[in-house]
Participant: 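Supplied in structure tokens, the structure appears directly below.
Because only heavy atoms are used, hydrogens play no part in the values below, and waters and symmetry mates are left out as well, while side chains stay in. Whatever order the structure lists them in is the order used to number ligands and atoms, beginning at 1. All residue numbers refer to positions in the sequence shown, counting from 1.
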Amino acid sequence: MSRSVLVTGGNRGIGLAIARAYLEQGDKVAFTYRSGEPPKELVDAGALGVRCDITDSQQVDAAYKEIEEKHGNVEVLVANAGVTKDQLLMRMSEEDFTSVLDTNLTGTFRVVKRANRGMLRAKKGRVVLISSVVGLLGSAGQANYAASKAGLVGFARSLARELGSRNITFNVVAPGFVDTDMTQALTDEQRKGIVSQVPLGRYAQVEEIAGVVKFLTSDDAAYITGAVIPVDGGLGM
Ligand code: NAD
């Protein structure tokens, strides 16, 4: 059965792989992107790309209106959009801190709150939030990012409790290090250092994150809510 799926930040990296995975199983896929052009690959495959900055609730609302008009009620939401602005604490400005929180945590709140309207009406919804192993373990130079990603865990678990009786599930996927633009900024030495601590001895491929997300929104996972699933090659155990 084809469902209406929305992936935020679906234009590249992990989000692109997630959008691709839902398209492959025949779902109606919409994705948001903050800037640039939507990837031709997704548009050619029939996905609906909507430009939307999740730090602006009016843009979130407008994006939802367009998606609902074209694809109907969103049944599956993958809140994937996120940013980093790494800095050691003493050099981290208040803006470095609040802007990361505003995208990763409050931005996710904006999208989830808007999605919930339709999910409550439909008495069904599947929500997956993309956190990070950094939110669970912490990371020097990433206090803003780690706080935002840890915040997503409390957010999801609270909503799992609040909305379980309405048949809406909230789960969190916490990737380890994945080969995307976000990790390109790391030096070779930093990459080697990270990989040496990963029991599986490598970075994740984006498809390995997408597969777990897809499972968590499938009927096989109907009884899973409030779960935090690390997909980190064993880094966080
Ligand atoms: P990426 O930088 O390639 O993609 C980030 C996406 O977020 C982009 O599509 C971008 O358009 C979108 N985005 C950023 N700010 C936005 C805003 N204000 N409004 C709307 N969209 C916005 O990074 P990625 O590696 O694909 O990361 C995807 C998610 O996975 C992020 O939440 C990230 O924190 C998380 N994650 C990544 C890794 C990794 O190693 N790459 C590890 C753990 C978690």
Participant: If we count only N and O atoms by modelled type, under 3.5 Å, do the side chains of Asp102 and Ser99 hold a donor and an acceptor together?
Facilitator: no
Participant: Enumerate the protein residues lying less than 4.0 Å from ligand 1, judged by heavy-atom distances, in chain and residue-number order.
Facilitator: Gly9, Asn11, Arg12, Gly13, Ile14, Arg34, Cys52, Asp53, Ile54, Thr55, Asn80, Ala81, Gly82, Val83, Thr103, Ile130, Ser131, Ser132, Tyr145, Lys149, Pro175, Gly176, Phe177, Val178, Thr180, Asp181, Met182, Thr183
Participant: Between Thr55 and Asp53, do the side chains contain an N or O donor and an N or O acceptor separated by less than 3.5 Å?
Facilitator: yes
Participant: If I compare all heavy atoms of Lys149 with all of Gly135, which pair ends up nearest, and what's the gap?
Facilitator: CB-CA, 3.8 Å
Participant: Under 30°, 30 to 60°, or over 60°: which ring-plane class applies to Phe109 and Phe155, parallel, tilted or perpendicular?
Facilitator: perpendicular
Participant: Does Arg12 qualify as a cation-pi partner of Tyr33, given the criterion of NZ or CZ under 6.0 Å from the six-membered ring centre and within 45 degrees of its axis?
Facilitator: no
Participant: Quiz question: by atom type and distance under 3.5 Å, do the side chains of Gln25 and Asp27 form a donor-acceptor pair?
Facilitator: yes
